[in-house]
Amino acid sequence: MYLYLEQRPGIAWPSPHLRELKDAVRALLGLDDDTAVTIRQLIWGEVGYPPLETIVEVLSMDGESHRWTLHRPAEQITENELSTWP
């Protein structure tokens with residue numbers, strides 16, 4: 001088993017924008033360090049689904065989780081848009 005600390009060919013590392021979105025989610029929701037925030041992009045190849053969606057998940061240590069689905073690439077999501085979430 002290998003632990004790669006540098007980018008390998010063919011492996012996409014998180015963009016700075018994704019890190020900014022995660023930080024914005026953490027700040028907007030007042031999350032502590034024990035709460036995980038994940039942002040994933042899914043590509044759909046099926047009719048009736050958007051070609052790309054972004055999933056934002058918040059997973060706390062007590063088992064409570066929240067999930068939002070945005071029907072566009074993460075690069076198009078703004079911090080201002082996140083502030084309108086319930």
Side-chain angles (χ1 to χ4, degrees):
M1 181 172 159
Y2 296 99
L3 177 61
Y4 293 96
L5 300 178
E6 295 179 9
Q7 184 171 356
R8 295 184 297 158
I11 303 294
W13 285 68
S15 72
H17 183 70
L18 288 180
R19 192 163 308 282
E20 289 170 10
L21 286 178
K22 287 173 84 172
D23 291 344
V25 168
R26 191 170 288 290
L28 288 168
L29 299 177
L31 302 176
D32 60 23
D33 291 338
D34 292 334
T35 302
V37 175
T38 63
I39 299 178
R40 299 178 290 146
Q41 292 190 116
L42 302 176
I43 298 172
W44 295 102
E46 297 180 32
V47 175
Y49 288 94
L52 185 70
E53 17 178 75
T54 301
I55 309 295
V56 177
E57 291 180 295
V58 175
L59 310 162
S60 67
M61 292 295 286
D62 66 8
E64 186 177 349
S65 65
H66 300 280
R67 180 180 179 167
W68 295 271
T69 302
L70 300 117
H71 300 286
R72 65 189 158 286
E75 295 299 324
Q76 295 176 2
I77 299 168
T78 65
E79 193 173 326
N80 187 41
E81 181 180 3
L82 296 177
S83 67
T84 65
W85 286 359

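If you're wondering where the values come from, they're calculated on a predicted model, not measured in any experiment. Just the heavy atoms: all of them, side chains too, but no hydrogens, waters or symmetry mates, feed the values below.
- Shown here for K22 and V37, the closest heavy-atom pair between the two residues is CE-O, 2.9 Å.
- Atom CD1 of I55 is separated from atom OG1 of T69 by 3.5 Å, given to the nearest 0.5 angstrom.
- Residues in residues 56-68 take part in these salt bridge (charged side-chain N to carboxylate O under 4.0 Å, His left out) pairs, two or more places apart or across chains: R40-E57.
- Summarising the geometry of A74 relative to L21, their closest heavy-atom pair is O-CD1, 3.6 Å, with the distance given to 0.1 Å.
- Residues that satisfy the salt bridge (Lys or Arg N to Asp or Glu O under 4.0 Å) test with E20, not counting sequence neighbours, are absent from this structure.
- For R26, there are no salt bridge (Lys or Arg N to Asp or Glu O under 4.0 Å) partners two or more places apart in sequence or in a different chain.
- For the pair L31 and V25, the tightest heavy-atom approach, listed with the atom from each and the gap, is CD1-O, 4.2 Å.
- Under the side-chain hydrogen bond (donor to acceptor under 3.5 Å, both in side chains) criterion, H17 pairs with no residue at all, not counting sequence neighbours.
- Once rounded to the nearest 0.5 Å, the distance linking CG of L59 with OG1 of T38 reads 5.5 Å.
- For D34, there are no side-chain hydrogen bond (donor to acceptor under 3.5 Å, both in side chains) partners two or more places apart in sequence or in a different chain.
- Around CD of E79, the count of heavy atoms belonging to other residues, nucleotides or ligands within 6.0 Å does not exceed 12.
- Note that CG of L18 and CD of Q41 are 6.0 Å apart. Values are rounded to the nearest 0.5 Å.
- For the side-chain hydrogen bond (donor to acceptor under 3.5 Å, both in side chains) test, no residue two or more places apart in sequence or in another chain qualifies with T54.
- To the nearest 0.5 angstrom, I39 atom CD1 is 7.5 Å from I77 atom CD1.
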